[in-house]
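Contents: one structure, followed by commentary.
The chain is numbered in sequence order, starting from 1. In this text, all values refer to a predicted model and were calculated from it rather than measured experimentally.
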Amino acid sequence: MRASSFGHRPFAFRLRGVTLIELMVGLVLGLVVVLVVAQVLGFAEGQKRVTTGGGDAQVNGALALYSLQREIQMAGYGLISDKDVLGCPVKANHATAGALSWNLAPIVITDGANGASDTISILSSSRAYSVPIAVSTDHPTTADRFTVRSAVGVKKGDLVIAVPADKNFNAATNWCSTYRITDIENTNQLVHSGGDWNSAQIAPAGGYPAGSQLMNAGSIVSRTFSVTNGLSLNQQTLLLTTGGMDSQDLFPQIVNMQALYGRDTNGDLQVDVYDNQTPVGNAAWLQVMTVRVALVARSVAYQKDEVTTAQPGWDVGTSVPVAGSADCGASKCLTLKVDAQPDWKHYRYSVYDVIIPLRNMLWRSN
């Protein structure tokens, strides 16, 4: 029995398990491997988010800038063939929306307070071109029609803008008015009684005497672009049927928009200053040749660490003076504020800018 029992001992020794120390070493090695793999995956995922977020910002910024550029290039189309009408304050009255007003100007920039986003309003016409129509007899405030030399090119339903013979425009006493043509009689009488845009008398006290003119806008195209909630480029379009504005968010993650008028102050058809002061009067509007726009697009992904330490700058160069710009190295820059957004330092930003010629202003400048 002893011999048999002794013979089994080497086999039992070979079946024993690992020691506690060996087990702990194995666990430590496994944890180290898991930690390394997790760090590699985390870094790769972070790089992926940064790349994807930057791509989203690039797409949104580029498309938003293209949309603005396309609209601004059409500013004034069909409305400013006569340079003397620029800057006339326009009044209208819609049956539903009530009193409306705007400037007879291709584009109006409304400056945002304290660096907030600007608002850009663009006015054009659906008509390719419209020769001003001369008013041949006096049109008192109580008249229901314009008597003109010829109604060629006008049809029922068109919107016309009456421009007073005295081009010394004043919003209090001498302005332009909008009417919808409801009928045409005897080939030279444009009736505007009734209709949605003729619900109240809007002519100046002296009416529109002979020598005044009508601008046939067809259907006025009025669009306003702004940044809503600091996170989206928004477009509002005037609805001629209701007098209200149709609002539509176009591109997300647009956090700031700034715009400047490019002025030719010495009449050489070259821009010599950029600023955001709204022109006052016909002479000032005639100086506006271009518009310069900058958009700030934000990445979508929130970064755990602060990846932006300073607000983005708009490099406006040194060739043409820009109001409010400051030195930034060898160039001039404007600061584009983005700090109104929560946790703004945890996102990345890209600036997109363009100089847009107002071609309808340039074509009629000679």
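Here Tyr347 and Tyr302 bring their ring centres to under 6.0 angstrom of each other.
From Tyr352, atom OH reaches atom CD of Gln69 across 15.0 Å, with rounding to the nearest 0.5 Å. Atoms OG and CZ, on Ser117 and Phe225 in that order, are 14.5 Å from each other to the nearest 0.5 Å. Considering CZ of Arg292 and CG of Asp353, their distance stands at 5.5 Å, rounded to 0.5 Å. Once rounded to the nearest 0.5 Å, the distance linking CE of Met74 with CG of Asn360 reads 6.5 Å. To the nearest 0.5 Å, atoms CG (Asp272) and OG (Ser319) are separated by 11.5 Å. Rounding to the nearest 0.5 Å places CG of Leu63 at 11.5 Å from CG of Leu68.
Neither Leu35 nor Met24 shares a network with the other; the hydrophobic side chains, linked directly or stepwise wherever heavy atoms of I, L, V, M, F, W or Y lie under 4.5 Å apart, form separate groups for each. When hydrophobic clusters are built by joining Ile, Leu, Val, Met, Phe, Trp and Tyr residues whose side-chain heavy atoms come closer than 4.5 Å, directly or via intermediates, Val320 is grouped together with Trp314. Cluster membership check: Leu334 shares its hydrophobic cluster with Val351, using side-chain heavy-atom separations under 4.5 Å among Ile, Leu, Val, Met, Phe, Trp and Tyr. In the hydrophobic clustering of this structure, Leu104 groups with Leu159; members are Ile, Leu, Val, Met, Phe, Trp, Tyr whose side-chain heavy atoms approach within less than 4.5 Å, directly or through other members. Cluster membership for Leu250 and Ile107, using ILVMFWY side-chain heavy atoms within less than 4.5 angstrom, is shared.
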Candidate pair Asn170 and Asn168, rule side-chain contact (heavy atoms from CB on, under 4.5 Å), full reasoning: CA-CA 7 Å; Asn170 187 299; Asn168 185 21; 6.0 Å; no
Criterion side-chain contact (heavy atoms from CB on, under 4.5 Å) on Trp197 and Ile220, from CA distance to verdict: CA-CA 12 Å; Trp197 283 84; Ile220 292 175; over 6 Å; no
Tyr208 vs Ser177, side-chain contact (heavy atoms from CB on, under 4.5 Å): CA-CA, chis, key distance, verdict: CA-CA 10 Å; Tyr208 291 100; Ser177 303; 2.5 Å; yes
Evaluation steps, side-chain contact (heavy atoms from CB on, under 4.5 Å), between His346 and Val307: CA-CA 6 Å; His346 293 266; Val307 293; 5.6 Å; no
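Between the side chain of Asn234 and the main chain of Gln248, a donor-acceptor pair closer than 3.5 Å is present. For Asp264 (side chain) and Thr290 (main-chain N/O), no donor-acceptor pair under 3.5 Å exists by modelled atom type. Judged purely by atom type and a 3.5 angstrom limit, Gln236 has no side-chain atom pairing as donor or acceptor with the backbone of Thr224.
Taking Phe146 as the reference, His139, Tyr179, His192 meet the ring pair (Phe, Tyr, Trp, His ring centres under 6.0 Å) condition, with sequence neighbours excluded. Remark: Asp196 pairs with Arg180 by the salt bridge (Lys or Arg N to Asp or Glu O under 4.0 Å) rule, at least two apart or across chains.
The neighbour count for Asn114 CG, taken as heavy atoms of other residues, nucleotides or ligands under 6.0 Å away, does not exceed 12. Counting non-hydrogen atoms of other residues, nucleotides and ligands closer than 6.0 Å to NZ of Lys167 gives a total above 12.
Pairs of residues two or more places apart, or lying in two chains, never qualify as disulfide (SG to SG under 2.5 Å) while including a residue from residues 197-274.
Of the listed residues (Val135, Asn188, Asp138), just one forms a side-chain contact (heavy atoms from CB on, under 4.5 Å) with Thr147, and that residue is Asn188. Among the candidates Val163, Ile161, Leu190, the single residue satisfying the side-chain contact (heavy atoms from CB on, under 4.5 Å) test with Leu214 is Leu190.
Inter-residue side-chain proximity for Lys156 and Val191 is flagged as unmet; no heavy-atom pair is nearer than 4.5 Å. Arg263 is not listed as a side-chain neighbour of Met289, based on a closest heavy-atom distance of 4.5 Å or more.
When every heavy atom of Leu86 is checked against every heavy atom of Ala105, the shortest pair comes out as CD2-CA, 4.3 Å.
By the 4.0 Å N-to-carboxylate-O rule, Lys332 lies close enough to Asp327 to be salt-bridged with it.
Between the side chains of Asn256 and Gln258, a donor-acceptor pair is found at a separation under 3.5 Å.
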